[in-house]
Amino acid sequence: MKYEIQATEAKWQDRWEAERVFNVTEDPTRPKFYNVQMYPYPSGALHMGHLRNYSYVDLLTRYKRMRGFNVLSPMGWDSFGLPAENAAIQTGIHPREFTETQIVRMKAQLRRLGAVYDWDRELASHSPEYYRWDQWLFLELYDRGLAYKRNAPVNWCPTDQTVLANEQVVDGRCERCDSVVVKRDLDQWFFKITDYAQRLLDDLDQLDRWPDRVRTMQRNWIGRSEGCTFSMEVAETDLSFDVYTTRPDTVFGMTFAVLAPEHPLVDALIAGTDHESEARAYIAAAGALSEIDRQAEGDKTGVFTGRSAINPVNGRPVPIWIAEYVLMGYGTGAIMAVPGEDQRDWDFATKYGLEIIRTVQPPADFTGEAYIGQGSAINSEFLNGMEMAEAKATIIAWFEERGLGKGTVNFRIRDWLISRQRYWGCPIPMITCPTDGLVPVPRADLPVIHPDVDDYAPGGRSPLAAVESFVNVECPSCGGPATRETDTMDTFVDSSWYFLRYCDASNSEAIFDPAKANYWMPVDQYVGGVEHAVLHLLYARFITKVLADMGMVEVQEPFNALFTQGMLVKDGAKMSKSKGNVVSPEEYYARYGADAIRLFELFIGPPTDDAVWSDNGVEGTARFLDRVWRMATGQVGEIQDRAPNDADREVLADAHRMVQKVTEDIDRFSFNTAVAHLMTFANTLQRALRSGIARETHAESLRLMLLLLSPMSPHLSHELWELLGYGSMLATEAWPGWDAQLVARDVVTMVVQVNGKVRDRIEVDAGIDAETAEATAVASERIREWIDGKEIRTVIARPPSIVNIVVG
RNA sequence: GCCGGAGUGGAGAAACGGCAGACUCGAUGGAUUCAAAAUCCAUUGCCUUCACGGGCGUGUGGGUUCGAAUCCCACCUCCGGCACCA
């Protein structure tokens, strides 16, 4: 009997769906398992790289189900965004039509893989039923002062014609299109994620089932530093400015001060000095540079202002410079320069002939320039002799006593810029009234639906701004003429709460029912790419904390365990459409079926590592599955109607060993070795069949194999399960346990080493004691050859596995 | 520069501090076949030996240990993140 791949796979896909096997509701009597994959952008065609992730998630859904969990595995679509809009610009097809076509295609592809979800909870961020709650969330943040509009220098991508969040700028370039990002001053909406910086940092400690790498990346991104802010007066004026430093202990070593070129005080500072025209030229030149050039580490440039500032600790005047190595966006945009203990200040001082005073004693053998290590304070009056920590505390207290400054904490993270000047996103629900200023759209008027437009092309402002019927509205407050906000939201807003919406996806009265969210949350296993380490994963944590503060959900952290899968690599590059190296599954479905593809995706290597695609790997797993089919249907060897003998009992023991290993390997996410153990047992079973196996042993072996194989290659497993009469729906069976007595071995191979080198292997009783093990080892013929005539210094016995004889 | 992670056969990879290379691909030889496909068997880290066996071997150099791919130190290479953040 031949295995009919296409018909069988279709049959089981139909049955899982028709019998609603994976549709779930809250059930307090069972432990829940909330299994989520980062919802995909509906790009249309899935390639082998994508299928790797779907195979992992589907394995977990099926496995946890069999382990007795109430498993929720939903699916949805991150369906706002640039690709659909760019396609619309090119083809004229409405982004909605384009997107919905792609969603239909992708659903069909997931179904073809045999991936199962609770489709009742399907959501798409472009649907008004979904983005209505984006808008609601925005208004809640606005009411809490967590959403605000401000004019600020922002990152502008000249190609995509929109602003970007800091997190979307990579090495000065747009993460999407790689264009060099420029700064523009624009009125933009921000979410105040900086209010949550400390909590986002602190709670990383409890995420012990996240990869360290991701936690470290978030820590770096949040970038907490402790230091001191104090004020400096400008000599011969009544001006003053604040500086921030993490090294207040070195304040006596300040030999100059530096302002960022954009510092608001600069203009007043240089006005009327001899250096005014030179300084203005410098500022203009700095302003014209791109961010990349600005941030390029190289020769530091700067210009003297002609003014001096007074060092508050000793009244000493120091020259004030303007230099672009000081950034307006961090701290106060002004620094005290201590060249003795800061390499950047050292470089600058050396270049411009400024004084250098060491205030920390370097070790005698120190040969570098600025010294940033530990040491005693010198040249620092009352701080002299103190170590760094003590000196810091002392000087901060000194500042605070006199009201001149205070200990402060700074974060590198900036507020989240969420405005986008693009069409295919969620409209921001705000109205600007000449009388009342910014007025929120009343919640009863949500959703603000974005109208169809003729021209999607970005032109520096949102395409929505061209639609007068959309823009012009009555002010909800005074009824007078007013205008709508025409920017749309960053799509990362959509994705920062979708996992909560899955819990109650069809609720038309609220964003979700807290009771339902509290049943399912937190997500027990979150699966996705590491590229979102500081984007989506940080935003989602932030929004969850906001919703927790609102009392909507109890958890402070949305994702209990995070799994970041490796990429699939082909021809030395990540498999992706843009690289042109994708392998489509269609041909493989036709030849080998979904089960073989899934099994290969699991087997290809450790899930967290990148894996290299190989064309004939699927052939290997297909061969394995075919062998399982033939062994199950009596096409291999001989199944004998007799009582099990010793050989059969050993086969059964191996089957139980397989159950143990596969279970343990799945639990530690070692899917590649789990598959390997199934293959090993298949080899064992095949040998047994060839020499004749008892029917009972054969049946039990197959039963266990099919249970273990079913989360990996579900179609063939289900078909055989039904065919062999074990039941009608394998997916709802319980995961097998193993018999510890059967797994344990009576006789084991003991290795005997002489001086650490293996010299013999002896079959011994598994319960052998150390004394007997040693005696057995020494008595061995082969061992005698190595130890005779030599002095036995010591013998290490670790029965029953090893004995090491050390001879001199 | 700073912070992570990783270097094991021809390839993907295994290996609680205890037999390095499980499992799969590939390759070679063989069985079956009129022939092929499919299937099955055997071999497959390097050197040496007719053979039994022996020697070497997990990026490099040290160290700890009876024993190290695994732990420690230094270095090299690759990958990822951050980077003029005061």
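Each chain gets a letter, A, B and so on, in the order the sequences are listed, and its residues count up from 1.
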Give a yes or no on whether the backbone of A:Ile320 and the side-chain of A:Thr305 come within a donor-acceptor separation of less than 3.5 Å.
yes
Any A:Arg623 side-chain nitrogen or oxygen under 4.0 Å from OP1 or OP2 of B:C25
yes
Tell me what A:Arg761 touches on the nucleic acid: a base, only sugar-phosphate, or nothing, going by heavy atoms under 4.0 Å.
base
OP1 or OP2 of B:A86 under 4.0 Å from side-chain N/O of A:Tyr330
yes
Check A:Ile802 against A:Met750 and note the closest heavy-atom contact, atom names and distance.
N-CG, 4.1 Å
To the nearest angstrom, how far is A:Met679 atom CE from B:U24 atom C1'?
6 Å
Phosphate-side-chain proximity, A:Asn672 and B:C23, N/O vs OP1/OP2 below 4.0 Å:
no
With a cut-off of less than 4.0 Å, is there a side-chain N or O of A:Lys757 near OP1 or OP2 of B:G18?
no
Under-4.0 Å salt bridge between A:Asp788 and A:Arg784:
yes
What does A:Arg793 touch in the nucleic acid at a heavy-atom separation under 4.0 angstrom: a base, only the sugar-phosphate, or nothing?
nothing
If you compare every side-chain N and O of A:Arg215 against the phosphate oxygens of B:G4 (OP1, OP2), does one of them come in below 4.0 Å?
no
Pick base, sugar-phosphate or nothing for A:Asp345, based on heavy-atom distances below 4.0 Å to the nucleic acid.
nothing
Between A:Ser801 and A:Arg687, name the one whose nearest nucleotide on RNA chain B is closer to the 5' end.
A:Ser801
Side-chain contact check for A:Met217: nearest option of B:C84, B:G81, B:A86 is B:G81
When the P atoms of B:G59 and B:A14 are compared, how many Å lie between them, rounded to an integer?
15 Å
Please determine, for B:U44, whether a Watson-Crick or G-U wobble partner exists with both distances under 3.5 Å, and give it or none.
B:G26
Pick base, sugar-phosphate or nothing for A:Val806, based on heavy-atom distances below 4.0 Å to the nucleic acid.
sugar-phosphate
So what does A:Ser614 touch, heavy atoms closer than 4.0 Å: a base, only the sugar-phosphate, or nothing?
nothing
Using a cut-off of strictly less than 4.0 Å, decide whether A:Arg759 has a side-chain nitrogen or oxygen near OP1 or OP2 of B:G55.
yes
With a 4.0 Å cut-off on heavy atoms, is A:Arg630 in touch with a base, just the backbone sugar-phosphate, or nothing at all?
sugar-phosphate
Pick the P atom in B:C19 and in B:C25, then give their distance to the nearest Å.
26 Å
A:Gln686 side-chain N/O to B:C40 phosphate OP1/OP2 under 4.0 Å:
yes
Could you check which of B:A15, B:C19, B:C23 has an atom nearest any side-chain atom of A:Arg668?
B:A15
Are any side-chain N or O atoms of A:Trp629 and backbone N or O atoms of A:Met1, one a donor and one an acceptor, separated by less than 3.5 Å?
yes
Heavy-atom donor-acceptor pair, A:Arg798 side-chain to B:G18 base, under 3.5 Å
yes
Where each residue is assigned the nucleotide of RNA chain B containing its nearest heavy atom, which of A:Thr673 and A:Thr216 is assigned the position nearer the 5′ end?
A:Thr216
Mind telling me whether B:G17 is syn or anti, cutoff 90° either side of 0?
anti
Count the heavy atoms of every other residue, nucleotide or ligand shown that sit under 6.0 Å from CD of A:Glu771, and state whether that count exceeds 12.
no
Suppose we call a contact any N or O donor and acceptor under 3.5 Å apart; does that hold for the side chain of A:Asn220 and the base of B:C82?
no
